[in-house]
Participant: 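My structure is below; once you've seen it, I'll send some questions.
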Amino acid sequence: MKTDGHQLLAHALETWRTMRLLGYIDPGTGSYGYQLLIAGVTGVLFFFASIKRKIMSLFTKAGPPPDLADTPPPKEPLARESKDETTALRS
């Protein structure tokens, strides 16, 4: 049986037309696809940002760590007076 080129083209177009009809995506699947796309793009951006930070840290000069002996001790918070002490001071 010999097939004509037109018949083959008609069969291919008919197959393609029915495949398009089966390609329906419901809203839940579509939103999940968008979430996957956004998460993938964000992950790639963070990946390349971390690589950039690591490369930049190789070329930046880090200063010496601060000496702890040169830093003053932290200030202690003032003690709150109790209500009895403030009334005794006023009288």
Side-chain angles (χ1 to χ4, degrees):
M1 179 180 217
K2 194 173 184 182
T3 59
D4 189 31
H6 294 289
Q7 288 176 343
L8 186 60
L9 180 63
H11 180 67
L13 288 175
E14 182 65 27
T15 304
W16 178 74
R17 186 179 67 84
T18 48
M19 286 177 62
R20 279 191 347 179
L21 294 177
L22 296 174
Y24 171 75
I25 297 176
D26 63 313
T29 305
S31 65
Y32 184 67
Y34 285 129
Q35 289 177 19
L36 288 174
L37 180 69
I38 291 170
V41 168
T42 306
V44 167
L45 290 176
F46 275 106
F47 174 74
F48 284 116
S50 68
I51 289 177
K52 179 183 172 186
R53 267 195 312 269
K54 288 179 183 178
I55 291 173
M56 293 300 288
S57 71
L58 294 174
F59 296 108
T60 57
K61 188 175 185 180
D67 189 13
L68 295 178
D70 294 340
T71 59
K75 293 182 180 180
E76 293 182 19
L78 297 174
R80 294 189 72 184
E81 297 175 355
S82 68
K83 191 174 184 180
D84 296 332
E85 292 174 356
T86 55
T87 54
L89 292 174
R90 287 186 189 168
S91 50

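Position 1 is the first residue of the sequence, and the numbers go up from there. We use all heavy atoms of the structure for the numbers below, so side chains are in, but hydrogens, waters and symmetry mates are not.
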Participant: Drop me the distance from Thr42's OG1 to Leu37's CG, to the nearest 0.5 angstrom.
Facilitator: 9.0 Å
Participant: State plainly whether one hydrophobic cluster holds both Ile51 and Phe46, where clusters connect Ile, Leu, Val, Met, Phe, Trp and Tyr through side-chain heavy atoms under 4.5 angstrom apart.
Facilitator: no
Participant: Quick check: closest heavy atoms across Gly28 and Ser31, and the distance to 0.1 Å?
Facilitator: O-OG, 3.0 Å
